[in-house]
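The structure displayed is predicted, hence computed values, not measured ones. Numbers here are sequence positions counted from 1.
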Amino acid sequence: MEIISKILIAIVALEHLYILYMEMFAWETLGKKTFKGSLPDEMFKPTKKLAANQGLYNGFLSAGLIWTFFICDQIWAKNVAIFFLTCVIAAGIYGALSASKKIFFVQALPAIIALIFVLLR
């Protein structure tokens, strides 16, 4: 269970590093492809700074999840993983309700699955 939970945590962390990159550095290219239909094309340039701010927060989520791999105390590592996965789930649910239902499946669902495995270990 522990190996599976760590793999799932790593997947969620990598996903959020990708989101950081997309929102901070590739908003007008990858962001436009990713959010096609959710946001008019002419809105990507004026929202670039807002997206970069969102990307930074995604980086914090990723950093928190990566941090769990370096915590020696297993109980502390589990609690930190639970906290950051719960934050990802909350962000994914809010994004699904406010922007696109697709966000639930891309962001929240992988974190929910990871959280289940963390709780089972």
Using salt bridge (charged side-chain N to carboxylate O under 4.0 Å, His left out) as the criterion, list what pairs up with K6, not counting sequence neighbours. E2
In one Ile/Leu/Val/Met/Phe/Trp/Tyr side-chain cluster, 4.5 Å: I9, L14: yes
Correct closest heavy-atom pair for A13 and S62 would be O-OG, 2.8 Å
Same cluster (ILVMFWY, side-chain, under 4.5 Å), F70 and I75: no
Partner set under side chain to side chain contact (heavy atoms under 4.5 Å, CB included) for L120, not counting sequence neighbours: M1, I116
Return the set of residues passing side chain to side chain contact (heavy atoms under 4.5 Å, CB included) with V80 (not counting sequence neighbours), or none when no residue passes. W67, T68, I71, W76, F84
Mind listing the closest non-hydrogen atom pair of I103 and G95 along with its distance? CD1-O, 3.7 Å
Looking at F69, I want to see if its CZ is surrounded by more than 12 non-hydrogen atoms of other residues, nucleotides or ligands under 6.0 Å. yes
Can you run down the ring pair (Phe, Tyr, Trp, His ring centres under 6.0 Å) pairs that involve residues 101-121, sequence neighbours left out, and say none if there aren't any? none
Run the side-chain donor-acceptor check on residues 17-27: report pairs under 3.5 Å with partners two or more places apart or on a different chain.
unit_1 : atom_1 : unit_2 : atom_2 : d
E23    : OE1    : G55    : N      : 3.0
E23    : OE1    : N58    : ND2    : 3.1
E23    : OE2    : Q54    : NE2    : 3.4
W27    : NE1    : F44    : O      : 3.2
W27    : NE1    : T47    : OG1    : 3.0

My understanding is that only residues two or more places apart in sequence, or in another chain, count here; which of them pass side-chain hydrogen bond (donor to acceptor under 3.5 Å, both in side chains) with S100? none
Look at the side-chain heavy atoms of Ile, Leu, Val, Met, Phe, Trp and Tyr, link any pair under 4.5 Å apart, and say whether L109 and I93 land in one connected group. yes
same_hphob_cluster(L50, L39) at 4.5 Å side-chain heavy-atom cutoff: no
The criterion is side chain to side chain contact (heavy atoms under 4.5 Å, CB included); which residues satisfy it with I82, sequence neighbours excluded? K78, N79, T86, L115, V118, L119
Hey, which of V106, L61, V88, L65 is the one that makes side chain to side chain contact (heavy atoms under 4.5 Å, CB included) with E15? V106
Enumerate the salt bridge (charged side-chain N to carboxylate O under 4.0 Å, His left out) contacts for residues 42-64, please, sequence neighbours excluded, ordered by first and then second residue. E28-K48
Residue pairs passing the side-chain hydrogen bond (donor to acceptor under 3.5 Å, both in side chains) test with at least one member in residues 104-114, sequence neighbours excluded, are none
Closest contact, heavy atoms only, L8 versus A114: CB-CB, 3.7 Å
Among all residues two or more places apart in sequence or in another chain, which pass the side-chain hydrogen bond (donor to acceptor under 3.5 Å, both in side chains) test with S5? R121
